[in-house]
**Q** 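First the structure, which I've put down as structure tokens, then a few questions once you've had a look.
Quantities reported herein were computed from a predicted structural model and do not represent experimental measurements. Letters A, B, ... are given to chains in the order of the sequence lines, protein chains preceding strands, and every chain is numbered from 1.
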Number of protein chains: 2
Amino acid sequence: MKITRNTIAKTEIRNLINSSKVALSHAEIQQALNNICDRVTIYRVLDRLVEEGLVHKIVNVDGVIKYAECHECAGEHHHHNHIHFSCQKCKSVTCLEDVEPFFNLPKQYKVMEMNFTLSGLCPQCS
Amino acid sequence: MKITRNTIAKTEIRNLINSSKVALSHAEIQQALNNICDRVTIYRVLDRLVEEGLVHKIVNVDGVIKYAECHECAGEHHHHNHIHFSCQKCKSVTCLEDVEPFFNLPKQYKVMEMNFTLSGLCPQCS
DNA sequence: TTTTAAAATGCAACACTATTGCGTTAATTT
DNA sequence: AAATTAACGCAATAGTGTTGCATTTTAAAA
């Protein structure tokens, strides 16, 4: 893998994601960063963080990608089989790391990634 | 609910979706329709079909929305709790209507919709 | 410390998906 | 056939994400 460097933008973005309870979109990150860097840089930093396995992507129900910290997914078997919850009212997307779905897939399918999202009302909004 | 009309565009789009084995995106539908109507009309017809419960949306892993026929989901409990498979090679998105995941969600959450997508290699591509 | 290679950035432009407003057309109802 | 209004076409716009390229900055080597 390519050598990556620690830059201000990367540090700030990582801190932001790690300190957030909910997954963040590019737009939300950009707003929080207060113009410390260009919007393209944010996209590139996010790509890097995903590649390094520090952050994972979630495709929200509206098609917008959100980013959240990786917790117990370091190391070899880097998988994200937990469910995400997208609140229709407060628009928050939360990782439910303890909730892992079971299912029986025909074995001809080779699964590389999973994206499970439920939408509705979160505890705060219902 | 508002009264809806059957138009050429709607009929064609519905036929297209119903005869397709895989879920279709707006772009794919537009290409197949060969300019029988404006692209905005396609968006509006799709919205109507979803509202009428004839078609359901799937958010693909790249954020693009795909549309597929509703089969056993007519009537009151219109739910789509089956898994979708998105092939990284041939880019097809397939409804696996028989594959329904199980999970234990904390009961404070109120679920309205589900979006489960696996990505990897489909039987044809693996 | 200075030099150096290339990783990272900023800026501008672009691609793609999706939505909105508005005047016009066409599908149903009467 | 006339009236109502759903549906349409067209143009413009918004939002998300990507690419190319010249410049800056990081971190390692000299």
Side-chain angles (χ1 to χ4, degrees), chain A residues 1-17 23-68 86 88 91 93 115 117 119, chain B residues 1-17 23-68 86 88 91 93 115 117 119:
Chain A
M1 205 201 285
K2 223 201 249 179
I3 293 168
T4 62
R5 296 174 181 173
N6 289 319
T7 60
I8 297 170
K10 187 179 170 187
T11 307
E12 290 297 319
I13 292 171
R14 205 183 158 192
N15 286 345
L16 196 60
I17 292 174
L24 299 174
S25 66
H26 171 275
E28 289 163 340
I29 292 169
Q30 186 180 9
Q31 193 163 15
L33 284 184
N34 229 45
N35 278 22
I36 68 157
C37 66
D38 193 76
R39 49 190 297 284
V40 178
T41 299
I42 300 175
Y43 278 115
R44 296 199 262 232
V45 168
L46 289 169
D47 283 347
R48 250 180 292 153
L49 290 174
V50 170
E51 219 168 296
E52 293 171 34
L54 300 172
V55 157
H56 67 284
K57 284 187 186 187
I58 306 137
V59 185
N60 199 2
V61 285
D62 59 1
V64 176
I65 294 172
K66 296 239 177 180
Y67 300 85
S86 179
Q88 291 170 348
K91 308 294 177 195
V93 173
N115 200 78
T117 306
S119 58
Chain B
M1 205 200 285
K2 225 201 248 179
I3 293 167
T4 62
R5 297 173 182 175
N6 288 319
T7 61
I8 297 171
K10 187 179 169 186
T11 307
E12 290 296 319
I13 292 172
R14 205 183 158 192
N15 286 345
L16 196 60
I17 292 174
L24 299 174
S25 67
H26 171 275
E28 290 163 339
I29 292 170
Q30 186 180 10
Q31 193 162 16
L33 284 183
N34 228 45
N35 278 23
I36 69 157
C37 68
D38 192 77
R39 47 190 303 286
V40 177
T41 299
I42 301 175
Y43 279 114
R44 296 198 262 232
V45 168
L46 289 170
D47 283 347
R48 249 181 293 153
L49 290 173
V50 169
E51 217 169 296
E52 293 173 33
L54 301 171
V55 157
H56 66 283
K57 284 188 187 186
I58 306 137
V59 185
N60 198 3
V61 283
D62 58 1
V64 175
I65 294 171
K66 297 238 176 181
Y67 299 85
S86 178
Q88 290 170 348
K91 309 292 176 196
V93 173
N115 201 79
T117 306
S119 58

**Q** So which of residues 26-38 of chain A are in contact with DNA chain C, with a heavy-atom cut-off of under 4.0 Å?
**A**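 When residues 26-38 of chain A is checked for heavy atoms under 4.0 Å from DNA chain C, the hits, listed by number, are Ile36(A), Cys37(A), Asp38(A).
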
**Q** Listed by chain and number, what are the side chain to side chain contact (heavy atoms under 4.5 Å, CB included) partners of Gln88(A), not counting sequence neighbours?
**A**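 Listed in chain order: Ser119(A), Met112(B), Glu113(B).
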
**Q** Taking atom C1' of dA18(C) as reference, at what distance in whole Å does atom CD1 of Ile42(B) sit?
**A**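 It is 12 Å, rounded to the nearest whole Å.
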
**Q** What is the distance from CZ of Arg39(B) to P of dA18(C), rounded to the nearest Å?
**A**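 My rounded result for the distance is 9 Å.
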
**Q** To the nearest 0.5 Å, how far apart are CG in Asn60(A) and CG in Asn115(B)?
**A**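 Between Asn60(A) CG and Asn115(B) CG, I get 9.5 Å after rounding to 0.5 Å.
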
**Q** Identify, with sequence neighbours excluded, every residue that meets salt bridge (charged side-chain N to carboxylate O under 4.0 Å, His left out) alongside Glu12(B).
**A**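 Salt bridge (charged side-chain N to carboxylate O under 4.0 Å, His left out) list for Glu12(B), sorted by chain: empty.
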
**Q** Kindly write out the residues that satisfy side chain to side chain donor-acceptor pair (under 3.5 Å) with Lys10(A), not counting sequence neighbours, or none if the list is empty.
**A**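 Result, side chain to side chain donor-acceptor pair (under 3.5 Å) vs Lys10(A): Glu52(A).
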
**Q** Within the structure shown, what part of the strands sits under 4.0 Å from Arg44(B) by heavy-atom distance: base, sugar-phosphate, or nothing?
**A**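 Since a base atom lies under 4.0 Å of Arg44(B), the category is base.
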
**Q** Where is the tightest heavy-atom contact between Val59(B) and Gly63(A), given as atom of each residue plus distance?
**A**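 What the structure gives for the nearest pair is CG1-CA, 3.8 Å.
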
**Q** Side-chain atoms of residues 33-41 of chain B: list all donor-acceptor pairs with protein atoms under 3.5 Å, sequence neighbours left out, distances to 0.1 Å.
**A**
from: Asp38(B); atom 1: OD2; to: Val40(B); atom 2: N; distance (Å): 2.9

**Q** At what distance, to the nearest 0.5 angstrom, does CG of Leu24(B) lie from CD1 of Ile42(B)?
**A**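 If I round to the nearest 0.5 Å, the distance is 11.0 Å.
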
**Q** For a quick check of understanding: with a heavy-atom distance under 4.0 Å over all strands, which category does Val40(A) fall into, base, sugar-phosphate or nothing?
**A**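 Counting heavy atoms under 4.0 Å across all strands, the contact made by Val40(A) includes a base.
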
**Q** For the helix from dT1(C)-dA30(D) to dT30(C)-dA1(D), figure out the bend between the end axes, five pairs an end, and round to 10 degrees.
**A**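 For the helix from dT1(C)-dA30(D) to dT30(C)-dA1(D), the axes at opposite ends meet at about 30°.
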
**Q** In chain order, what residues pass the side chain to side chain donor-acceptor pair (under 3.5 Å) check against Gln30(A), with sequence neighbours excluded?
**A**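 If we apply the side chain to side chain donor-acceptor pair (under 3.5 Å) test to Gln30(A), skipping adjacent residues, there are no hits.
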
**Q** Can you tell me the distance, in whole Å, between the CG atom of Asp62(B) and the P atom of dA15(C)?
**A**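 After rounding, the gap between these two atoms is 19 Å.
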
**Q** Are side-chain heavy atoms of Ile29(A) and Ile17(A) found at a separation under 4.5 Å?
**A**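 They are in contact (side-chain heavy atoms under 4.5 Å apart), so the answer is yes.
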
**Q** Quick one: side chain to side chain contact (heavy atoms under 4.5 Å, CB included) partners of Asp47(B), sequence neighbours excluded?
**A**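 Asp47(B) satisfies side chain to side chain contact (heavy atoms under 4.5 Å, CB included) with no residue once adjacent residues are dropped.
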
**Q** To the nearest 0.5 angstrom, please state how far the CZ atom of Arg48(B) sits from the OG1 atom of Thr7(B).
**A**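 Output value for this atom pair is 5.5 Å.
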
**Q** Not counting sequence neighbours, list each pair that qualifies as a salt bridge (charged side-chain N to carboxylate O under 4.0 Å, His left out) and has a residue in residues 54-66 of chain A.
**A**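 For residues 54-66 of chain A, and leaving out neighbouring residues, the salt bridge (charged side-chain N to carboxylate O under 4.0 Å, His left out) pairs sorted by first residue read Glu28(A)-Lys66(A).
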
**Q** Pull out every protein N or O sitting under 3.5 Å from an N or O of nucleotides 27-30 of chain C, one pair per line with the distance.
**A**
from: dA27(C); atom 1: N3; to: Arg5(B); atom 2: NH1; distance (Å): 3.2
from: dT28(C); atom 1: OP1; to: Asn6(B); atom 2: N; distance (Å): 2.8
from: dT28(C); atom 1: OP1; to: Asn6(B); atom 2: O; distance (Å): 3.1

**Q** For DNA chain D, note the earliest and the latest nucleotide, 5' to 3', having some atom under 4.0 Å of a heavy atom belonging to chain A.
**A**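 Contact boundaries, 5' end first: dT16(D) to dA27(D).
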
**Q** Considering all heavy atoms of both residues, which atom of Leu46(B) and which atom of Ile13(B) are nearest to each other, and what is their separation?
**A**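 So the minimum-distance heavy-atom pair works out to CD2-CG2, 4.0 Å.
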
